[in-house]
Each structure stands twice: as structure tokens, then as C-alpha cells.
Amino acid sequence: MKTAIIDYGMGNVASVQKALNFLKIENIITCNHREIEEADAIILPGVGAFKQGMDNLNLYNLMPVLNEQVLIKQKPFMGFCLGMQLLATTGTEVINCNGLGWIAGTVKKIEEPQKRIPHLGWNDITVTKKDFLTAVDQKDFYFIHSYHFDVDDKEHIAATVNYGKNYVAAIQYKNIFATQFHPEKSQDAGLTLLSGIYKYYA
Amino acid sequence: MLKVRIIPILTFNGFALVKTKQFANPRMVGNPVQAARVYNSRAVDELAFVDIFATKQSRKNNLKIVQDVIKECFMPVAIGGGITSIEDITDLLKIGADKVIIKTASLVNSSFIKKASEFFGAQCITIAVDVFRQDDQFKVLNTAGRDVTMQNFILEIQEAGAGEIILNSVDKDGTMNGFDIALIQEAEKITKVPMICVGGGGNLDHYVELFQQTNCEAVGSASIFHFTQFTPLDIKNSLKHINKPVRL
């Protein structure tokens with residue numbers, strides 16, 4: 001299942017590729033429209049600020065091709081960290097701006113006066129939608145974020161994480177699966193999750 | 001619940017791993033790629049790799065070696081040494097770094113931290129604060145020629161958008177005789193971002209003391225892993241005994 005890892009100048013493409021290579025999944029790091037169209041699945045990784053992320057997607061003119069491949073052709077899509085947040089309708093990091101709008105909701109700053117921000121480190125997830133996440137319920141994953149995705153339709157939430165209160169840890173809706181945590185940085189738990197997803201689609 | 005983090009720190013001189021004592025007398029302690037491989041197999045929570053001579057020798061991190069280190073790691077890696085520009089950070093993130101560690105450039109100009117934080121997000125900007133005691137004060141050790149207290153500097157970099165602080169006790173570095181609890185307590189009063197406490201860990205009791213007497217959520221160490229039989233897992237097990245959340 002050839003996977004296009006979208007390279008839009010927002011960080012950790014190499015880490016995602018390393019995880020896919022380890023799982024022996026054919027992949028290509030690219031921002032080339034034709035290569036994205038030829039792929040069977042798409043991963044949007046990302047580290048960084050929401051506004052910069054959207055600016056970069058627009059810089060490479062990636063919105064139309066992603067919309068077509070994910071929303072119309074319904075190819076399996078995964079987003080990690082910023083790659084999850086960009087699915088929102090609106091982002092508020094640095095300045096308010098529109099996201100991809102695939103999952104209705106807003107990305108907001110984590111407000112926990114008693115806690116250190118960013119939420120940084122290993123935290124266990126509680127799975128609310130079993131499909132992909134059954135094998136990793138209550139496992140520790142690596143989180144690193146100051147903003148969280150406030151999802152409008154709670155049916156879209158696949159897992160939560162507690163940091164003062166419950167925040168969205170994963171989203172699943174049709175062919176879209178996305179995580180706030182970094183599966184590619186979460187050692188065995190992350191590799192288990194990814195290999196489960198690819199087995200499901202195989 | 002968020003787990004406390006045990007983070008081995010690899011300090012590099014451009015050729016090999018070295019370990020200093022009170023920031024002097026670097027002693028060779030091995031090969032960075034082999035060390036990263038061992039730590040990955042031991043499931044450490046994170047790894048930090050710092051070229052501690054890059055700024056002094058006016059050079060950049062060796063991206064080839066950094067890449068080889070990161071290749072071994074399926075856990076998060078923070079990379080530091082000689083970072084002065086957005087391009088430097090992009091280069092490191094591109095090869096798989098999750099965070100960058102900045103020291104001197106943050107002392108020279110905090111607007112660089114602001115710029116980096118807005119561009120990459122605060123979560124990947126870690127600032128190293130090397131502190132020494134002078135009379136009754138905690139001062140920041142630096143080659144940028146600034147005379148600044150730890151407290152003022154922490155407030156300054158938090159304001160600029162630092163996402164994490166590595167608080168390193170210069171006096172305790174490499175001594176393996178316990179953490180500077182008073183220093184850490186002082187820093188905690190004003191720190192709102194995650195903080196990695198470094199300097200002085202030599203046996204398991206030191207870590208228990210650190211986590212009992214402070215609100216420490218992350219600890220970085222080098223000497224204990226280079227020079228004793230203790231592993232990160234040993235530290236986690238002893239923290240588990242005092243009911244700290246650990247990832248085992």
C-alpha cells in the first residue's frame with residue numbers, strides 16, 4: 001500500500017518514513033501532485049504552528065489535491081499532531097485562520113493553570129472508538145502540543161487523553177484517521193498502531 | 001496520567017561522546033550511534049544529543065552523525081549545538097529531530113526564540129539554562145558575555161516563547177553527588193513550561209530525593225549511565241516505589 005508522506009516543510013517527515021520503512025510499507029516523501037495522486041494512502045505529518053502549516057500547504061498548492069484524494073476518492077488518510085489539527089475548520093495559533101475543514105471544530109490553546117504547557121511527554125490514551133485502537137487502549141503515547149482540537153461532533157473522537165481534563169487524542173471518521181500524539185515516536189505502541197491500520201486496509 | 005521522563009543526555013565533541021565535570025575536563029565515553037542504539041533498545045522516554053563545542057568552535061552540528069543517531073531512535077530526540085538560525089532548525093527537523101536545544105543564541109537575542117517559536121511552534125524549542133552559584137545568586141553561565149540571573153533569564157525566554165527548559169547545574173555537572181534541590185525549587189517557582197532537571201545524579205537515592213522534594217517531571221542524566229551499572233529502567237523502578245507515574 002504505497003503511502004505518500006506529505007512534505008510541506010513542516011518537520012518530521014523523516015521520522016514517519018523511518019516507522020513505515022520499519023514496517024516494510026512502501027512510501028514516498030513528496031509534495032508532488034502526481035505522486036500524491038498515484039499513492040494508495042496519504043499521511044500528513046507535521047510539527048509546528050497552525051498558521052504556518054496552512055500557509056505551507058497553500059504555498060505548495062496542496063489543498064485541491066488533498067481534498068480530491070481524501071474527500072472524493074476516499075483514500076486512507078492519516079494525520080499526526082499538526083497533521084491532525086489542520087483538519088479543523090479553524091485554528092487560533094498565532095492568529096485565527098481556516099484549516100482544511102474536513103472535521104468540524106476549532107484548535108485552541110490548552111488552558112490548564114495548574115499544569116505545565118506544552119503537554120509534553122508520555123501519556124496513556126482511553127479509546128472510545130475501537131476499530132484501529134483496540135490493541136493500544138491505555139497504552140502510553142508521546143504527546144507534544146500546546147494546542148488541542150476541540151471537535152464539534154463527539155462521534156468523530158476515537159480516543160482521549162487526560163491532562164487536567166480530557167482532550168482529543170485521536171479522531172476517526174470514514175477514511176480519515178488522525179492522532180494528536182506521534183505514533184512514529186511512540187516506540188512499540190506506535191508501531192503496533194500503525195501496523196494494525198495497514199493490516200486493516202490490506 | 002502524564003509520566004515522568006528519564007532522559008539520557010549524549011554530549012558530543014564533534015568526534016565522540018564526552019562527559020565533562022563542572023563543564024571542564026571532557027572525558028571520552030564512546031560512540032554516539034552505538035549509545036543511541038542501546039538507549040532505544042532500553043525504551044528510554046527521550047534522548048538528548050548536544051554538540052557542546054559547536055558554538056565555541058564556530059561550527060554547526062554534523063548533520064550526518066546526527067542523522068545516524070536519530071535513525072536508531074523510535075523515541076523522541078532533541079538536538080542541540082551551534083543553532084543560530086531558522087535554517088539550522090529546519091535542517092535538524094528535516095532529518096527527524098523532534099526538538100532543538102538552543103543555548104547561546106537565546107542569550108544573544110531573545111527575538112530569535114520568538115521567531116523560532118512562532119515558526120515551528122513552542123513545543124519544539126527547548127532552551128538550555130546552565131546555572132552556577134555566585135554568592136547568594138543563581139547566574140546563567142554563557143559565552144555571550146551576559147550577566148543575568150537564572151530567574152530573569154527564565155522569565156525572558158518564557159515570554160519569548162520557549163516550549164521547554166533544560167535546567168543544568170554547572171556546579172553539580174558530572175559530580176554524581178546529588179541534584180541541586182534548592183536550585184530546582186527556585187526555578188520551579190517561576191517556570192510554566194516543562195523543565196528537565198540536570199546535574200548531579202549518581203545513584204538511585206538521588207533521583208528519589210529529587211522527585212520527592214521538587215515537582216520535577218523530567219530528569220536528564222549522563223554520568224550515571226556512563227559510569228555506573230544503573231540504567232534508566234532502574235531509576236524508573238525506584239520512582240515507581242514512591243508512586244511517581246513512569247512508563248515501564
Side-chain angles (χ1 to χ4, degrees), chain A residues 7 9-19 21-22 29 45-53 55-56 81-82 85 93-95 109-110 112-124 139-147 161-164 182-191, chain B residues 1-7 40-47 66-67 70-78 86 89-90 92-100 114 116-126 158 161-165 188 191-196 215 217-218 245-248:
Chain A
D7 181 10
M10 295 305 284
N12 67 346
V13 288
S15 308
V16 174
Q17 179 167 59
K18 185 171 54 177
N21 287 348
F22 183 84
I29 293 176
V47 173
F50 193 101
K51 172 77 166 65
Q52 195 68 48
D55 285 353
N56 283 24
C81 198
L82 181 65
Q85 297 188 346
E93 188 169 1
V94 186
I95 185 170
K109 187 134 178 79
I110 301 172
E112 293 290 339
Q114 303 304 316
K115 300 274 188 189
R116 294 170 187 273
I117 310 291
H119 171 220
L120 195 172
W122 296 81
N123 206 337
D124 49 286
K139 294 264 191 243
D140 287 317
F141 284 89
Y142 192 78
F143 288 83
I144 175 165
H145 60 123
S146 309
Y147 286 75
V161 61
N162 190 278
Y163 192 58
H182 287 274
E184 77 283 8
K185 286 287 169 180
S186 296
Q187 289 184 331
D188 288 353
L191 295 171
Chain B
M1 188 186 272
L2 189 67
K3 310 300 181 293
V4 301
R5 291 175 289 151
I6 311 300
I7 304 167
N40 184 63
S41 72
R42 287 183 175 162
V44 300
D45 297 321
E46 237 178 274
L47 194 67
V66 171
Q67 190 164 22
I70 294 174
K71 268 189 189 149
E72 298 294 333
C73 300
F74 283 94
M75 70 292 201
V77 188
I86 294 293
I89 299 174
T90 303
L92 291 169
L93 296 182
K94 216 174 209 164
I95 57 172
D98 299 280
K99 297 187 281 191
V100 294
K114 187 164 191 294
S117 179
E118 283 180 2
F119 196 93
F120 301 102
Q123 80 293 329
C124 82
I125 308 298
T126 298
Q158 282 188 155
E164 187 179 38
I165 288 169
E188 277 180 346
T191 307
K192 296 190 176 73
V193 297
M195 183 164 75
I196 303 171
N215 298 313
E217 289 172 355
V246 290
R247 185 182 70 110
L248 293 171

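What you see below is based on every heavy atom in this structure, not just the backbone, and it leaves out hydrogens, waters and symmetry mates. Residue numbering restarts at 1 for every chain, and letters A, B, ... go by the order of the sequence lines.
Checked by atom type and distance alone, the side chain of B:Lys94 never pairs as donor or acceptor with a backbone atom of A:Met10 at under 3.5 Å. Between the A:Lys18 side chain and the B:Ile70 main chain, a donor and an acceptor come within less than 3.5 Å of each other. With A:Arg116 contributing its side chain and B:Val193 its backbone, the two residues share a donor-acceptor pair below 3.5 Å.
If you measure heavy-atom distances from A:Ile29 to chain B, you find no contacts under 4.5 Å at all. Contacts between B:Ile89 and chain A at a heavy-atom distance below 4.5 Å are absent for every atom of the residue. In this structure, chain B has no heavy atom under 4.5 Å from any part of A:Gln17. Only the side chain of A:His119 comes within less than 4.5 Å of a heavy atom of chain B; its backbone N, CA, C and O stay farther away. If you measure heavy-atom distances from A:Phe22 to chain B, the contacts under 4.5 Å come from the side chain alone. Neither the backbone nor the side chain of B:Thr90 comes within contact range of chain A; no heavy atom of the residue lies under 4.5 Å from a heavy atom of that chain. Proximity to chain A (any heavy atom under 4.5 Å) is restricted, for B:Ile95, to the backbone atoms N, CA, C and O. Only the side chain of B:Glu164 comes within contact range of chain A, with heavy atoms under 4.5 Å apart.
Taking A:Gly121, A:Gly53, A:Pro113, A:Ala19 one by one and counting their heavy-atom pairs under 4.5 Å with chain B, the maximum is reached by A:Gly121. With chain B as the partner, the residue from A:Ala49, A:Ser186, A:Gly46, A:Gly190 showing the most heavy-atom pairs under 4.5 Å is A:Ala49.
The structure places CG of B:Leu2 at 9.0 Å from CG of A:Asp124, a figure rounded to the nearest 0.5 Å. Taking OH of A:Tyr142 as the start and CG of B:Asp98 as the end, the distance is 6.5 Å to the nearest 0.5 Å. Summarising the geometry, atom CG belonging to A:Asp140 is positioned 3.5 Å from atom NZ belonging to B:Lys3; distances are rounded to the nearest 0.5 Å. How far CZ of B:Phe119 is from CG of A:Asn56: 6.0 Å, rounded to the nearest 0.5 Å.
In this structure, the side-chain contact (heavy atoms from CB on, under 4.5 Å) partners of A:Gln187, at least two apart in sequence or on a different chain, are A:Trp122, B:Asn40, B:Ala43, B:Phe74, B:Met75, B:Arg247.
Contact record, A:Ala14 with B:Gly96: CB-N, 3.9 Å, taken as the closest heavy-atom pair.
With a 6.0 Å radius and a threshold of 12 heavy atoms from other residues, nucleotides or ligands, A:Ile95 has its CD1 atom at or below the threshold. Applying the 6.0 Å contact sphere to CG of A:Asp188 captures no more than 12 heavy atoms from other residues, nucleotides or ligands.
With a 4.5 Å cut-off on side-chain heavy atoms, A:Val47 and B:Gln123 count as touching. In this structure the side chain of B:Lys99 reaches within 4.5 angstrom of the side chain of A:Ile144, judged on heavy atoms.
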